[in-house]
Amino acid sequence: MDVGSAVSAVRLYAEDLHAGAVFDLGSTKVSKEDILDFGRRFDPLPLHTDEGAAAASRFGGLIASGFHTAAVLQRLSVDAVFSRAALIAGREIDSLRMRAPVRPGDVLHGTMEIVEVRPRDDSTAVVRSRGTLTNDSGTVVLEVQGETLWEHRPTGGTEAGRLDRPVRHR
């Protein structure tokens with residue numbers, strides 16, 4: 001693992017990020033029950049809610065909603081990085097690509113690459129990142145690119161964010 005759930009309890013600020021850093025977000029398994037529950041609650045199309053109808057579709061079986069898949073990436077991002085970050089808020093998602101279907105039993109693995117860090121004059125920085133989910137066979141199922149707003153380290157703050165393991169660079 002490059003980084004991820006191993007990110008230390010030390011708060012991460014914009015200064016701790018740099019283009020090319022890649023965070024390992026960890027993995028999670030998507031169950032049939034997860035797909036059905038999310039589909040029934042938020043995206044009640046037969047592909048996500050009705051095994052018979054899904055089997056007769058071009059996908060040949062039940063698949064997760066693309067928004068369910070995006071929510072999985074968000075959860076992995078929060079658990080691995082954002083919960084320890086001086087993150088203020090999301091600013092935009094300018095690209096969300098659903099590349100392949102997610103099926104019951106798929107194990108999804110997430111990464112987040114820092115693309116750019118743009119400091120601003122108001123003690124914040126805009127951080128552009130790219131998130132990717134792959135399934136257990138290595139197929140990319142989702143890619144998202146967007147921006148978040150982060151705080152700079154407070155004036156006089158000397159404690160640098162520390163990653164327990166080195167960040168991989170592209």
Side-chain angles (χ1 to χ4, degrees), residues 1-31 34-35 37-38 41-43 64-100 102 106-136 138-170:
M1 173 168 34
D2 298 318
V3 226
S5 56
V7 173
S8 82
V10 175
R11 197 148 174 85
L12 293 173
Y13 292 92
E15 290 83 359
D16 301 317
L17 306 174
H18 53 277
V22 179
F23 291 88
D24 179 355
L25 304 178
S27 300
T28 192
K29 186 174 186 174
V30 179
S31 71
D34 293 336
I35 291 171
D37 181 57
F38 189 96
R41 294 182 68 210
F42 302 108
D43 195 353
S65 163
F67 290 103
H68 180 183
T69 307
V72 167
L73 179 61
Q74 178 65 13
R75 179 58 192 249
L76 291 174
S77 298
V78 169
D79 288 350
V81 179
F82 293 154
S83 64
R84 295 166 183 85
L87 178 70
I88 298 169
R91 285 178 38 103
E92 71 178 49
I93 293 175
D94 53 35
S95 174
L96 176 66
R97 294 188 174 115
M98 299 165 206
R99 300 288 192 189
V102 173
D106 279 356
V107 175
L108 302 181
H109 180 79
T111 59
M112 178 175 48
E113 178 182 3
I114 304 302
V115 175
E116 178 184 24
V117 179
R118 292 190 321 264
R120 298 182 349 161
D121 292 334
D122 64 354
S123 73
T124 67
V126 174
V127 177
R128 175 168 288 286
S129 62
R130 179 181 306 111
T132 304
L133 280 178
T134 56
N135 64 20
D136 38 359
T139 301
V140 173
V141 299
L142 182 109
E143 294 174 314
V144 62
Q145 187 162 309
E147 293 181 349
T148 50
L149 189 62
W150 289 57
E151 296 175 1
H152 284 294
R153 183 167 285 101
T155 305
T158 58
E159 184 179 297
R162 181 180 60 81
L163 304 177
D164 289 340
R165 298 197 174 139
V167 177
R168 178 177 53 146
H169 300 281
R170 291 191 183 199

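Nearest heavy atoms, His109 versus Gly26: ND1-O, 3.2 Å. Trp150 approaches Leu12 most closely through the heavy-atom pair CZ3-O, 3.6 Å. For the residue pair Gly20 and Glu113, the shortest heavy atom distance occurs at CA-OE2, 4.1 Å. Gly110 and Asp24 make their closest contact through O-OD1, 3.7 Å (heavy atoms, listed as atom of the first residue, atom of the second, distance). The shortest heavy-atom contact between Pro119 and Ala125 is CA-CB, 3.9 Å. When all heavy atoms are compared, the tightest approach of Val140 to Arg99 is O-CB, 3.2 Å.
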Step-by-step side chain to side chain contact (heavy atoms under 4.5 Å, CB included) determination, Leu87 to Leu149: CA-CA 6 Å; Leu87 178 70; Leu149 189 62; over 6 Å; no

Evaluation steps, side chain to side chain contact (heavy atoms under 4.5 Å, CB included), between Met112 and Val81: CA-CA 9 Å; Met112 178 175 48; Val81 179; 3.7 Å; yes

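In this structure, OG1 on Thr132 lies 9.0 Å from CG on Leu25, to the nearest 0.5 angstrom. To the nearest 0.5 Å, atoms CG (Asp106) and OG (Ser27) are separated by 11.5 Å. Taken from CD in Glu116 to NE2 in His18, the straight-line distance is 14.5 Å, to the nearest 0.5 Å. Taken from CD in Glu92 to CD in Gln145, the straight-line distance is 9.5 Å, to the nearest 0.5 Å.
Heavy-atom contacts from other residues, nucleotides or ligands closer than 6.0 Å to CD1 of Ile88 number more than 12. A 6.0 Å sphere centred on CZ of Arg118 holds more than 12 heavy atoms belonging to other residues, nucleotides or ligands.
Of the possible polar contacts, one joining the Asp122 side chain to the Thr124 backbone as a donor-acceptor pair under 3.5 Å is found. Within the 3.5 Å criterion, the main-chain N or O of Ala85 finds a donor-acceptor partner in the side chain of Arg11. Judged by distance alone, the side chain of Arg84 and the main-chain N or O of Val78 form no donor-acceptor pair under 3.5 Å.
Using a 4.0 Å cut-off between charged side-chain N and carboxylate O, Asp16 and Arg153 make a salt bridge.
In this view, Asp94 and Arg128 satisfy the side chain to side chain donor-acceptor pair (under 3.5 Å) rule, not counting sequence neighbours. Residues meeting the side chain to side chain donor-acceptor pair (under 3.5 Å) test with Thr134, sequence neighbours left out: none.
Asn135 places none of its side-chain heavy atoms less than 4.5 Å from the side chain of Val102. Side chains of Leu96 and Leu142 form a contact here, defined as non-hydrogen atoms less than 4.5 Å apart. In this structure the side chain of Pro154 reaches within 4.5 angstrom of the side chain of Tyr13, judged on heavy atoms.
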Solution key, residues 66-74 side-chain donor-acceptor pairs under 3.5 Å, sequence neighbours excluded:
residue : atom : partner : partner atom : Å
Thr69   : OG1  : Ser65   : O            : 3.2

